[in-house]
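Since we're looking at a predicted model, the values are computed, not measured. Numbers here simply count residues along the sequence, with the first being 1.
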Amino acid sequence: MTVPDYMLDQNAVLRDNVAWRHGSIPDYSMANAAFETEASKRHKPGSMEDMISNLVKNWEKEASYKLKAGICSLQYGTEEWRTIDHTQYTFSCNGGPVYSCEDMMRLGTYSALIGESAFFSSSSTTFEDSHRTFREAMPGGFAWEAVEVYSGPPVASFKWRHWGRMTGKLRCPVGPGTFVDAPPHGGMVELWGVGIAHINPKYQITKIEIYYDPHELMGNMVGARNLCPVPHNKTSGFASPSHNNALRKSLDALRRTSTDSMNRFNRLNLNRGDSLLSELDDDW
């Protein structure tokens, strides 16, 4: 088995002949242009960093724009979300609610990532409206990069950066029929976080956990940079200090144990990816 195209090309899934939201292939040209000119790291093609970056970028494209995914779709042979194992996939943010692919397609990635806060209410918006909120605030694109990869499959852990410029108005739902409005400030909106992706031997994500500080995102956009995160509850995207400490300990352990596997991976000739699976078989 060769490495799938979505591990080698950040735009691979955009070539899929599937049902897309809004009836057409989404346009990532501005986000891609921002990545090419403003990314903090340039990873070697075929390296661990490059492949994990491509996997996550294609996963986001499918989560945001593909219409058919999940066990319910499998019953009808419409397995169009290629980057995940539909029978096992779960998503969580900051140790909060665990979502299935069906949940993600109902909520949208922004609502799953932010949850409930003083400046955003996932329960007061829809998939389409939540994506429109950030698309209109950052019309030049919201680029993403994997800055560092601490360990590879079957449990890939990575540090990421997300950025864009707020040149449009922000209108966030904070309750039924209630919104917070913020004018465009033209400045950079930038946030950092950590991800942990469990990957099966077919290079599909079975579980992905995202950790970051949502108040950094919303504070930068509404101009309230001294926000205090609220304690985590079942609908909030914020994590408690004790959970953050546990995450730091887990990542420290990953860093200590990943050096040998990273060095071994980067010695592979990944021009076609044929050698990757056999080299990593023992890890699964």
Interatomic spacing from [atom1] in [X] to [atom2] in [Y] - rounded to 0.5 Å:
{"X": "R21", "Y": "S64", "atom1": "CZ", "atom2": "OG", "answer": "8.5 Å"}
{"X": "L107", "Y": "F91", "atom1": "CG", "atom2": "CZ", "answer": "10.0 Å"}
{"X": "E136", "Y": "D129", "atom1": "CD", "atom2": "CG", "answer": "9.0 Å"}
{"X": "I205", "Y": "Y89", "atom1": "CD1", "atom2": "OH", "answer": "7.0 Å"}
{"X": "W163", "Y": "L217", "atom1": "CH2", "atom2": "CG", "answer": "14.5 Å"}
{"X": "S100", "Y": "R106", "atom1": "OG", "atom2": "CZ", "answer": "8.0 Å"}

Above 12 or not: heavy atoms from other molecules or residues under 6.0 Å from CG of D181?
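Enclosed.
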
So do [Y] and [X] actually touch side chain to side chain, heavy atoms under 4.5 Å?
{"X": "F119", "Y": "H215", "result": "no"}
{"X": "P173", "Y": "T178", "result": "no"}
{"X": "S157", "Y": "I196", "result": "yes"}
{"X": "H43", "Y": "V149", "result": "no"}
{"X": "Y65", "Y": "H22", "result": "yes"}
{"X": "I84", "Y": "I208", "result": "no"}
{"X": "Y6", "Y": "N54", "result": "no"}
{"X": "E148", "Y": "F158", "result": "no"}

Identify the heavy atoms of [X] and [Y] that sit nearest to each other, and give their distance.
{"X": "A118", "Y": "V174", "result": "O-CG1, 3.5 Å"}
{"X": "A34", "Y": "A143", "result": "CB-CB, 4.0 Å"}
{"X": "R165", "Y": "E38", "result": "NH1-OE2, 2.7 Å"}
{"X": "T83", "Y": "W59", "result": "OG1-CA, 3.4 Å"}
{"X": "P184", "Y": "G168", "result": "CB-O, 3.4 Å"}
{"X": "F120", "Y": "C172", "result": "CD1-SG, 4.0 Å"}

Would you say the side-chain atoms of [X] and [Y] include a donor-acceptor pair closer than 3.5 Å?
{"X": "S92", "Y": "E209", "result": "no"}
{"X": "E145", "Y": "W160", "result": "no"}
{"X": "Q10", "Y": "S53", "result": "no"}
{"X": "S130", "Y": "T125", "result": "no"}

Give a yes or no answer on whether the side chain of [X] reaches the backbone of [Y] with a donor-acceptor pair at less than 3.5 Å.
{"X": "Y212", "Y": "N94", "value": "no"}
{"X": "T206", "Y": "H198", "value": "yes"}
{"X": "H131", "Y": "T126", "value": "no"}
{"X": "N200", "Y": "Y203", "value": "yes"}
{"X": "S47", "Y": "K44", "value": "yes"}
{"X": "K169", "Y": "A137", "value": "no"}
{"X": "E49", "Y": "A146", "value": "no"}

Salt-bridge present (D16, R82; N to O < 4.0 Å)
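Salt bridge between D16 and R82, a charged N being under 4.0 Å from a carboxylate O: yes.
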
Are the charged groups of R42 and E36 less than 4.0 angstrom apart, N to O?
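So R42 pairs with E36 through a salt bridge.
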
Assess the residue pair E80 and E62 against the criterion (side chain to side chain contact (heavy atoms under 4.5 Å, CB included)); give the C-alpha distance rounded to whole Å, side-chain angles, the decisive distance to 0.1 Å, and a yes or no.
CA-CA 8 Å; E80 295 183 351; E62 294 193 310; over 6 Å; no

Cationic tip of K57 above Y28 ring, under 6.0 Å, 45° of axis
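The answer is no, since K57 fails at least one limit relative to Y28.
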
Check whether [X] and [Y] end up in the same hydrophobic cluster, where Ile, Leu, Val, Met, Phe, Trp and Tyr are linked by side-chain heavy atoms less than 4.5 Å apart.
{"X": "M30", "Y": "F142", "value": "no"}
{"X": "M218", "Y": "V180", "value": "yes"}
{"X": "F127", "Y": "W20", "value": "no"}

In sequence, state the C-alpha distance, the side-chain angles, and the governing distance for M221 and F134, and then conclude on side chain to side chain contact (heavy atoms under 4.5 Å, CB included).
CA-CA 10 Å; M221 297 188 78; F134 292 93; 3.8 Å; yes

Please report the C-alpha distance between E116 and S123 in whole Å, then the side-chain angles of each, then the deciding distance to 0.1 Å, and finally whether the side-chain hydrogen bond (donor to acceptor under 3.5 Å, both in side chains) criterion is met.
CA-CA 8 Å; E116 301 291 326; S123 62; 3.0 Å; yes

Reference residue N58; test side-chain contact (heavy atoms from CB on, under 4.5 Å); the match among D9, D5, V13:
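The residue from D9, D5, V13 that satisfies side-chain contact (heavy atoms from CB on, under 4.5 Å) with N58 turns out to be V13.
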
Show me the donor-acceptor pairs, under 3.5 Å and distance only, between side chains in residues 186-194 and residues at least two apart or in other chains.
from: E190; atom 1: OE2; to: R161; atom 2: NE; distance (Å): 2.5
from: E190; atom 1: OE2; to: R161; atom 2: NH2; distance (Å): 3.1

Derivation and outcome, side chain to side chain contact (heavy atoms under 4.5 Å, CB included), residues S40 and V147:
CA-CA 7 Å; S40 64; V147 180; 4.1 Å; yes

Would you sort out whether L170 and M166 count as a side chain to side chain contact (heavy atoms under 4.5 Å, CB included), showing the intermediate values?
CA-CA 8 Å; L170 178 72; M166 187 176 163; 3.5 Å; yes

